[in-house]
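A, B, ... follow the sequence lines: proteins, then strands. Residue 1 opens every chain. All values below were derived from every heavy atom in this structure, side-chain atoms included, with hydrogens, water molecules and symmetry-related copies excluded.
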2 protein chains.
Amino acid sequence: VQGEEAIIQGALARLSAGFPGALGLRDDAALIAVPPGHELVVTMDAVAAGVHFFESDAAADIAWKALAVNVSDVIAKGARPHAYLMSLAFPTAPDPAWLEQFAAGLAQAQSAFGLHLIGGDTDHRPGPLSVTITAMGLVPTGTMVKRGGAEPGDTIFVSGTLGDAALGLMLRADRPETKAWPLDEAGRRALVKRYLRPSPRVALAPALRAYARAAMDISDGLVKDLARMTALSGVGAEVATHRLPLSPAAAKLLEHDPGLIAQVAAGGDDYEVLAALSPDNVSAFQTAARDAGITVTSIGRIVGAAASGVLLIGPDDVPLKLARTGYDHF
Amino acid sequence: VQGEEAIIQGALARLSAGFPGALGLRDDAALIAVPPGHELVVTMDAVAAGVHFFESDAAADIAWKALAVNVSDVIAKGARPHAYLMSLAFPTAPDPAWLEQFAAGLAQAQSAFGLHLIGGDTDHRPGPLSVTITAMGLVPTGTMVKRGGAEPGDTIFVSGTLGDAALGLMLRADRPETKAWPLDEAGRRALVKRYLRPSPRVALAPALRAYARAAMDISDGLVKDLARMTALSGVGAEVATHRLPLSPAAAKLLEHDPGLIAQVAAGGDDYEVLAALSPDNVSAFQTAARDAGITVTSIGRIVGAAASGVLLIGPDDVPLKLARTGYDHF
């Protein structure tokens with residue numbers, strides 16, 4: 001059994017290397033110097049075993065996901081990831097090998113996303129393993145992209161592909177219907193990986209800052225998160241389901257079972273970017289996204305304030321009703 | 001049962017009033033503008049039912065403590081509290097009346113400490129109720145008081161009185177030996193209150209910044225936390241137990257049972273400030289503390305690098321050995 005300081009200094013302190021204000025995780029607080037002309041964008045999200053991941057998931061995957069879901073919020077605001085703090089709650093003292101893999105997953109994620117661990121705490125308590133992270137990013141002053149701010153006529157974009165993580169979760173959970181899915185091993189692995197290792201589109205942040213009127217990440221499902229954006233903006237939205245971007249594996253599954261469109265439109269854990277742009281900016285945004293190596297897809301448009309909520313237009317222009325429109329923790 | 005957004009908008013959003021960058025808790029992230037010439041001091045600590053508080057504690061006390069333990073770290077670094085994020089994990093959806101009291105406790109603490117809620121998240125998962133907070137403070141650039149930095153010959157100060165919370169915890173837990181304690185109801189209440197509602201010495205921060213060579217808060221017990229300071233500073237320390245500042249109730253208990261010195265020297269939850277000062281600064285520090293209305297007491301001195309660890313000098317100049325030198329979560 002290791003003490004709290006052994007866990008921090010033995011496994012975690014190396015993750016602060018290169019960030020002087022982290023003080024080697026040996027002080028009670030960290031120090032952040034915000035460069036002149038910049039502001040700090042701050043978000044906080046927890047993941048817990050049995051809720052956001054499986055206890056048996058690889059330690060490196062758990063670590064990656066805990067950081068990724070936070071970085072996803074930071075970059076959707078147009079910010080550059082800078083630093084994070086982490087609070088770990090262990091039901092039993094962690095095995096050193098597990099901890100080593102957990103730190104390795106964080107190291108990979110840090111390096112992919114461009115930020116450092118600068119502080120936090122480690123606790124021993126009953127309940128599921130949980131990882132709570134506060135992530136911070138930098139934006140030039142006044143350029144943070146808000147959630148509200150979409151206007152009628154705006155084009156709605158999403159990054160990447162949708163639904164993969166929700167489908168991957170069904171596979172990871174061994175749901176009976178997945179046995180019949182027409183997927184080879186590579187297809188299954190691709191979907192499960194999207195659930196285990198979300199990839200926030202860090203390189204898209206500058207394009208969002210430059211061109212988006214409103215943006216947020218999709219974590220609880222497109223429909224629910226888009227409804228949050230439209231509610232705050234005082235507008236409505238129309239989305240064409242046939243335009244929702246699909247990975248090859250997801251496309252194959254929707255051919256097999258068109259009902260799986262619910263996973264694409266309302267499944268959680270996408271961690272893609274949702275953005276509303278003035279039509280004037282669409283072309284420049286597309287160019288910037290392509291230059292950043294990130295696929296973005298126009299999926300619909302913002303409609304007048306009179307309209308309320310999110311209208312999903314299905315095949316043959318028929319409005320689509322979903323039984324469940326997204327994830328709520330309560 | 002309330003949804004996540006109802007909890008946030010119904011009970012918590014009002015706590016962000018007055019901090020524009022909190023965006024009414026309606027966005028995915030908050031925005032912090034650090035004033036020119038300042039840096040941000042950031043810390044993160046969790047409290048959980050059954051570990052740091054009792055599930056049956058009043059909701060307002062739980063809230064106060066969760067924020068106080070974080071503010072304690074911020075002010076021990078010489079910083080002025082500025083903002084915090086909070087992640088709540090509920091085993092069952094919270095009762096609206098409980099939530100109302102919880103928010104009221106946060107409002108009291110915010111107002112006492114001078115900071116605002118700017119973000120966070122709310123989750124539903126098994127395990128104890130837990131409250132994880134990331135608190136931030138501001139310091140003029142370059143003035144954060146570090147944990148290391150104590151030098152031989154420095155005078156060691158603590159704020160307030162020690163041991164009250166550890167004794168209060170014994171009362172709160174109804175430990176059998178407390179039945180015989182010679183305390184009236186007011187004395188008991190005073191000790192329990194120190195456990196339930198720690199009072200970080202916010203007004204002491206400027207004096208620490210101006211005069212302390214090293215500082216930290218005492219959360220896991222004086223001996224353990226002082227050992228952390230001396231280890232990082234590469235020095236030792238000598239502390240005279242008869243100089244440890246006691247509240248009237250604690251003084252009465254130590255007369256009754258001198259063995260309770262262990263609660264004073266090594267009990268947790270004090271949330272007082274521990275500081276090392278050059279003798280040249282002692283008088284100015286004492287004046288500044290008095291002007292701020294905060295009692296500070298010199299309890300010993302930092303000794304040469306050759307000495308290691310913390311030496312407690314008991315009555316009759318006999319070094320004191322404690323069976324347990326502080327709190328560790330593992």
key: Top of B/S87, B/G24, B/A49 for chain A proximity - count of heavy-atom pairs under 4.5 angstrom   = B/S87

query = Where does B/L232 contact chain A at under 4.5 Å (heavy atoms): side chain, backbone, both or neither?
reply = side chain

ask   = Contact part of B/A215 toward chain A, heavy-atom cut-off under 4.5 Å: side chain, backbone, both or neither?
value = backbone

message = For chain B, which candidate among A/P91, A/P126, A/G50, A/A135 shows the most heavy-atom pairs at distances under 4.5 Å?
response = A/P126

key: Nearest-0.5 Å distance that lies between atom CG in A/D121 and atom OG1 in B/T134   = 9.0 Å

inquiry  = Using the salt bridge (charged side-chain N to carboxylate O under 4.0 Å, His left out) criterion, which residues pair with A/D28? Sequence neighbours excluded.
reply    = B/K77, B/R147

remark   = Whatever's closer than 4.5 Å to a heavy atom in chain B on A/V34 counts as side chain

query = For chain A, which of B/L85, B/D73, B/D217 has the most heavy-atom pairs under 4.5 Å?
reply = B/L85

message = I need the A/D123 CG to B/D45 CG distance, nearest 0.5 Å.
response = 7.5 Å

task = Flag the one option from B/A33, B/G21, B/A46, B/G119 with the top tally of heavy-atom pairs under 4.5 Å to chain A.
result = B/A46

request  = Counting only heavy atoms closer than 4.5 Å, note whether B/M144 contacts chain A via side chain, backbone, both or neither.
outcome  = side chain

task = Let me know if B/V74 has heavy atoms under 4.5 Å from chain A in its side chain, its backbone, both or neither.
result = neither

task = Go through the atoms of B/L138 and report whether side chain, backbone, both or neither lie under 4.5 Å from a heavy atom of chain A.
result = neither

ask   = Heavy-atom count around A/R80 CZ within 6.0 Å, excluding the residue itself: above 12?
value = no

task = Could you look at B/V42 and say if it's the side chain, the backbone, both or neither that has a heavy atom under 4.5 Å from chain A?
result = both

message = Quick one, A/L31 and B/L40 - any side-chain contact, counting heavy atoms below 4.5 Å?
response = no

key: Among A/K146, A/M86, A/H38, residue most engaged with chain B (heavy-atom pairs, under 4.5 Å)   = A/K146

request  = Please state whether the side chain, the backbone, both or neither of B/S130 comes within less than 4.5 Å of a heavy atom of chain A.
outcome  = side chain

ask   = Side chain, backbone, both or neither: which part of A/L129 has a heavy atom under 4.5 Å from chain B?
value = neither

Structural part of B/M136 lying under 4.5 Å from a heavy atom of chain A = side chain

